[in-house]
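As structure tokens, the structure follows; a few thoughts come after it.
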Number of protein chains: 2
Amino acid sequence: MAASPSRHDVFQAIADPTRRQLLRLLGDQEMSVTVISGHFPMSRTAVSKHLRILAEAGLVKGRKVGRETRYRLDPEPLLELKQWLAYYERFWENKMAMLKHYVESGKLDGAEPAASLKAVQPTKKE
Amino acid sequence: MAASPSRHDVFQAIADPTRRQLLRLLGDQEMSVTVISGHFPMSRTAVSKHLRILAEAGLVKGRKVGRETRYRLDPEPLLELKQWLAYYERFWENKMAMLKHYVESGKLDGAEPAASLKAVQPTKKE
DNA sequence: ATTTTATGACACCTTTTGGTTTCATGTCAA
DNA sequence: TTGACATGAAACCAAAAGGTGTCATAAAAT
């Protein structure tokens, strides 16, 4: 499935639900592959391959302890994601500003703001 | 390629580099499919399918204007990503705390902190 | 020394992805 | 009305993803 090192980036790595679960699991504690596999409804081999992909992305680190390999989370690569996401902050700000405007001008009633966000930017006919 | 509505989530949507470029592009301004395609080295149809996936994830909205469809960014679903990411803040804090400890104990010199983060948690032999 | 356990490497299979080209349809312009 | 343009849908394809089972090997336990 995976061949050359670091063929997977953070974005790909977190795209899979199983791998996101793995990250959650490994944040709490270091665990061996077999123990980790116990938490998933798939084969140990499959889990192992997910771990490999996460490792390629730098999101987990494996450490050999006798005959077992223990994996743990390394959150550092998530910073890239955080930075990528930061770019879009300004758009949220815009949305909030527009929402505020609409609310103040009485075009929106007191409906739950979060649900209203999607409708804030009007689909203006041209 | 895609059949049922909303078969793609945000994590999958942003996993592809082309789609991330699309988001960047559509943040600045609303654009028609043909114009968008001009920015990419692939066929218009291919771009159109990426747009579809982004739309399924709610990240872009399409609006028909005469014979063309103009797409624009909708950053709202990125909030889910932001929340997911927020969970890992505490790990960064831990890392920073550990880094601070190491620096103060003189085990790390004044080397660039960002580059040192990966080495902060020592691979302790058991 | 022998056996069991933990893991990674392989070979293999099916589905999904990302891309292509072609075609049908709706809209705009002459 | 006729023709050009914009787009989405469909059929097709190669490669990657996600899974399986088997096997080889190293370490532990008996």
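Below, chain A is the first sequence line, B the second, and so on; all start at residue 1.
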- prompt: Could you state the CZ-P distance from B:Arg20 to C:dG18, rounded to the nearest angstrom?
  reply: 11 Å
message: So, under a plain 3.5 Å distance rule, would you say the side chain of A:Lys49 forms a donor-acceptor pair with the base of D:dG19?
response: yes
task: Examine D:dA16: is either OP1 or OP2 under 4.0 Å from a nitrogen or oxygen in the side chain of A:His8? Give yes or no.
output: no
- request: Only counting residues at least two apart or in another chain, list the ones meeting ring pair (Phe, Tyr, Trp, His ring centres under 6.0 Å) with B:Tyr88.
  value: B:Trp84, B:Phe91
message: The criterion is side-chain hydrogen bond (donor to acceptor under 3.5 Å, both in side chains); which residues satisfy it with B:Gln12, sequence neighbours excluded?
response: none
field: Upstream residue (5' side of DNA chain D) when A:Ala15 and B:Ser32 are each assigned their closest nucleotide
entry: B:Ser32
- prompt: Would you say A:Gln12 reaches D:dA17's phosphate, i.e. side-chain N/O to OP1/OP2 under 4.0 Å?
  reply: yes
- prompt: Atom CG of B:Asp74 and atom CG of B:Leu54: how far apart are they, to the nearest 0.5 Å?
  reply: 11.0 Å
message: Please check: side-chain N/O of A:Ser48 versus main-chain N/O of A:Arg44, any donor-acceptor pairing under 3.5 Å?
response: no
statement: In short, ring pair (Phe, Tyr, Trp, His ring centres under 6.0 Å) pairs touching residues 24-63 of chain B with sequence neighbours left out are none
- prompt: Given atom CZ of B:Arg63 and atom P of C:dT27, what is their separation to the nearest angstrom?
  reply: 16 Å
- prompt: Is the distance from OP1 or OP2 of D:dA17 to the nearest side-chain N or O of A:Arg7 less than 4.0 Å?
  reply: yes
message: For B:Glu68, give me all partners under side-chain hydrogen bond (donor to acceptor under 3.5 Å, both in side chains), at least two apart in sequence or on another chain.
response: B:Arg70
- prompt: For B:Thr34 and A:Val47, take the nucleotide of DNA chain D holding the closest heavy atom to each; which residue's nucleotide lies nearer the 5' end?
  reply: B:Thr34
query: Expressed in angstrom and rounded to an integer, what is the separation of A:Leu51 atom CG from C:dT7 atom C1'?
result: 11 Å
query: Please walk me through it: do A:Lys49 and A:Asp16 pass salt bridge (charged side-chain N to carboxylate O under 4.0 Å, His left out)?
result: CA-CA 12 Å; A:Lys49 287 203 286 191; A:Asp16 185 272; over 6 Å; no
field: side-chain N/O A:Thr69 vs C:dG8 OP1/OP2, d < 4.0 Å
entry: yes
task: Could you check B:Lys61 against B:Glu76 for salt bridge (charged side-chain N to carboxylate O under 4.0 Å, His left out), going step by step and ending with a plain yes or no?
output: CA-CA 11 Å; B:Lys61 301 296 181 200; B:Glu76 196 270 341; over 6 Å; no
message: When you measure from the side-chain N and O atoms of B:Arg19 to the phosphate of C:dG18, is any distance below 4.0 Å, counting only OP1 and OP2?
response: yes
field: Distance test, side-chain N/O of B:Tyr71 to OP1/OP2 of D:dG8, below 4.0 Å
entry: yes
- prompt: Whole-Å distance between D:dA6 C1' and B:Glu30 CD?
  reply: 15 Å
Test: A:Arg63 cationic atom under 6.0 Å from A:Tyr71 six-membered ring centre, within 45° of axis: no
- prompt: Over how many whole Å does the gap from B:Asp16 atom CG to D:dA16 atom P extend?
  reply: 14 Å
message: Given D:dG8, C:dG19, C:dT17, identify the nucleotide with an atom nearest to the side chain of B:His50.
response: C:dG19
task: Taking only heavy atoms on the protein side, list every residue of residues 35-46 of chain A lying under 4.0 Å from any atom of DNA chain D, sorted numerically.
output: A:Met42, A:Ser43, A:Thr45, A:Ala46
message: To the closest 0.5 Å, what do you measure between CG (A:Leu25) and CD1 (A:Ile36)?
response: 6.5 Å
Tabulate protein N/O versus nucleotide N/O from nucleotides 27-30 of chain D, keeping only pairs under 3.5 Å, one per line.
unit_1 : atom_1 : unit_2  : atom_2 : d
D:dA28 : O4'    : A:Arg67 : NE     : 3.3
D:dA28 : O4'    : A:Arg67 : NH1    : 3.2
D:dA28 : O4'    : A:Arg67 : NH2    : 3.2

task: To the nearest Å, give me how far apart CD (B:Glu56) and P (D:dA9) are.
output: 11 Å
field: Between P of D:dA17 and CZ of B:Phe11, the distance in whole Å
entry: 19 Å
